[in-house]
Amino acid sequence: MAQQPKNVGILAMDVYFPPTCIQQEVLEAHDGASKGKYTIGLGQDCMAFCTDVEDVISMSLTVVSSLLEKFGVDPKQIGRLEVGSETVLDKSKSIKTFLMPIFEKCGNTDIEGVDSTNACYGGTAALFNCVNWVESSSWDGRYGLVVCTDSAVYAEGPARPTGGAAAIAMLIGPNAPISFESKLRASHMAHVYDFYKPDLASEYPVVDGKLSQTCYLMALDSCYKSLCDKYEKLEGKQFSISDVDYFVFHSPYNKLVQKSFARLLFNDFLRSASSIDESAKEKLAPFSSLTSDESYQSRDLEKASQQVAKPFYDSKVQPSTLVPKQVGNMYTASIYAAFASLIHDKHSTLAGQRVMLFSYGSGLSSSMFSIRLNETQLPFNLSNIASVMNISEKLKSRQEFPPEKFVETMKVMEHRYGGKDFVTSKDCSVLAPGTYYLTEVDSKYRRFYSKKATENGTLANGH
Ligand code: ACO
């Protein structure tokens, strides 16, 4: 019998976000919001968005072909492909099938997996599926590939600055630089109407913003409590934030990440964990008798716990915030873009460290899970992942839109959503070489894509 694969996890990653963006400061002024609301209040710097030539399928095609090429992976070596997305372009045909031409070209049609959907959680479901497959008796020795892809857009109003867009691809297999601690995993699932998309004619969600914030924090508490219980049963000792080197959160906007981390410290305080010193105890003592409902509403607790958490936030959370602050909420890709930011920032010092991730999708589904970072060989090591992702360069070479042009683009996209029989502007001047773009949706709703010529002049076939 073949040996049980060890250290199953993420071997390689690549990230793509549209080069078109708007500065939050500019949007804030345009929307007539008070100065600092989007930048300090929400904690966001910039927001990426798709123009009429990009969508979740083109972004996925771009990121998958880039990952395979840059890590030298033959498409024949992929045995499972899973996509997480909540951006519905077709109610039946999966995004995964749109990616198949990359593999069909090489004679590989033997690839399991389809799409997973539940708001921002679908990517985590896809990731768990691939990891579980490699660890299972059905594994055929090939790689899994996970794609998280979303275009997060909101109607005009307070939620609009919390949009964003991106696609992330992750190659899954054994002996990975990013491996799962599979026993350290806890979930919280419930039925709530905090954010949902019942109107199939619109890309915009129905969102109860305040409720979604509370649901997020309740799910976080519940996952953390279950995870602590599981750890304590397994290891026979208490778990606290001190057992984790870095935390990575699903990031709708940075302020919620700051509040979430502070909430974990409050949990540690309530559990009398060793991570809480005397001065922190003193600051949090006035809140020890709040009911949990009261604790979600208490502004004083929020302030006190954020103050206690600040030094830990700076070392354990801040390194994962770059891309989410610069690109916005990328729904399913958001948590993995945060994780990519950590690798980008700290790749040379991560070996041996533990990272705890919290994935949240409205409706709701959530999981907290632990990974370990390991020293491995090229091409699948942390430094190579950081250099392939090339995040600084991608952020630097973006084009900032003025607000009027951003609003006009949103209007075009609103009008085009669910539409047929149109050709796009085909303007790919701001796209990097090798980027896929949408050219046409024909009278039968069939979508057609092309690839911008790469630097050496080769032009891939559209399909
Ligand atoms: N300077 C500094 N801070 C300011 C300013 C200012 N001029 N004005 C407001 N603020 C602060 C507020 O005090 C608030 O901070 P706080 O939360 O610490 O109190 C913050 O900015 C936001 O202001 P609000 O008035 O609370 O914002 P509003 O209610 O208009 O919208 C919301 C925020 C609800 C997040 C909205 O953008 C939304 O609905 N977004 C989509 C839902 C979402 O992302 N939910 C998260 C989980 S679910 C998911 O991932 C989709």
Side-chain angles (χ1 to χ4, degrees), residues 10 13-22 24 27 38 42-51 54-64 66-67 83-89 95 115-127 146-154 159-170 195 197 203-205 207 212 216 248-257 260 320-344 357-362 365-366 389 391 394-395 398 406 410 413 435:
I10 302 166
M13 278 177 88
D14 200 2
V15 46
Y16 176 81
F17 41 82
T20 37
C21 62
I22 179 160
Q24 290 285 1
L27 187 60
Y38 298 174
L42 296 173
Q44 291 301 107
D45 294 332
C46 192
M47 178 170 72
F49 55 89
C50 292
T51 62
E54 292 200 271
D55 62 21
V56 287
I57 295 166
S58 68
M59 291 194 292
S60 307
L61 286 163
T62 302
V63 81
V64 165
S66 168
L67 180 144
V83 178
S85 181
E86 61 163 288
T87 308
V88 179
L89 292 178
I95 296 172
D115 296 0
S116 294
T117 300
N118 189 97
C120 309
Y121 186 83
T124 298
L127 178 60
V146 176
V147 181
C148 307
T149 182
D150 270 306
S151 162
V153 283
Y154 290 92
R160 180 154 270 188
T162 61
I168 297 225
M170 295 178 275
F195 164 115
K197 293 181 176 166
E203 202 174 359
Y204 299 145
V207 56
S212 75
Y216 182 110
V248 171
F249 295 88
H250 164 58
S251 177
Y253 50 92
N254 180 256
K255 177 63 92 53
L256 191 56
V257 172
S260 299
S320 67
T321 57
L322 175 68
V323 179
K325 279 168 76 89
Q326 282 290 332
V327 176
N329 191 358
M330 299 150 265
Y331 288 162
T332 53
S334 170
I335 176 177
Y336 301 104
F339 182 57
S341 308
L342 174 66
I343 297 177
H344 162 75
L357 292 96
F358 175 65
S359 177
Y360 177 85
S362 292
S365 308
S366 64
M389 292 192 301
I391 285 173
K394 282 176 185 160
L395 287 174
R398 295 193 290 176
F406 163 70
M410 290 297 106
M413 302 299 269
T435 305

For the pair Cys50 and Met59, evaluate side-chain contact (heavy atoms from CB on, under 4.5 Å) and give the outcome as yes or no after the intermediate values. CA-CA 9 Å; Cys50 292; Met59 291 194 292; 4.0 Å; yes

Looking only at heavy atoms, what is the nearest atom pair of [X] and [Y], with distance?
X	Y	answer
Val63	Ala167	CG2-O, 3.7 Å
Val248	Ile335	CG1-O, 3.4 Å
Glu203	Ser151	OE2-OG, 3.9 Å
Ala166	Ala333	O-CB, 4.1 Å
Cys120	Ser359	O-OG, 4.4 Å
Asp14	Met389	OD1-CA, 3.6 Å

How long is the span from the [atom1] atom in [X] to the [atom2] atom in [Y], to the nearest 0.5 Å?
X	Y	atom1	atom2	value
Arg160	Leu27	CZ	CG	8.0 Å
Leu67	Met13	CG	CE	9.5 Å
Met170	Ile10	CE	CD1	5.0 Å
Leu89	Ile57	CG	CD1	5.0 Å

ring-ring contact (aromatic ring centres under 6.0 Å, His included) against Phe195, all qualifying residues, sequence neighbours excluded: Tyr331

Are any non-hydrogen side-chain atoms of [X] and [Y] less than 4.5 angstrom apart?
X	Y	value
Val153	Met413	no
Leu127	Tyr336	yes
Phe17	Gln326	no
Met410	Tyr204	yes
His344	Val323	no
Pro205	Glu86	no
Leu256	Tyr360	no
Ile22	Phe49	yes

Check whether [X] reaches the backbone of [Y] with its side chain - one donor and one acceptor, N or O, closer than 3.5 Å.
X	Y	value
Ser85	Thr149	yes
Thr332	Gly84	yes
Tyr216	His250	yes

Thr87: which residues meet the side-chain hydrogen bond (donor to acceptor under 3.5 Å, both in side chains) condition with it, sequence neighbours left out? Asp150

Leu395 vs Val327, test: side-chain contact (heavy atoms from CB on, under 4.5 Å). Steps then yes/no. CA-CA 9 Å; Leu395 287 174; Val327 176; 4.2 Å; yes

Contacts of type side chain to side chain contact (heavy atoms under 4.5 Å, CB included), residue Thr435, not counting sequence neighbours: Tyr16, Glu54, Thr62, Leu431, Ala432

As a quick check of understanding, evaluate side-chain contact (heavy atoms from CB on, under 4.5 Å) for Thr162 and Leu42, giving each step before the final call. CA-CA 8 Å; Thr162 61; Leu42 296 173; 4.0 Å; yes

Let's go through Tyr121 and Ser362 carefully: what are the C-alpha distance in whole Å and the side-chain angles of both, what is the deciding distance for side-chain hydrogen bond (donor to acceptor under 3.5 Å, both in side chains) to 0.1 Å, and is it a yes or a no? CA-CA 8 Å; Tyr121 186 83; Ser362 292; over 6 Å; no

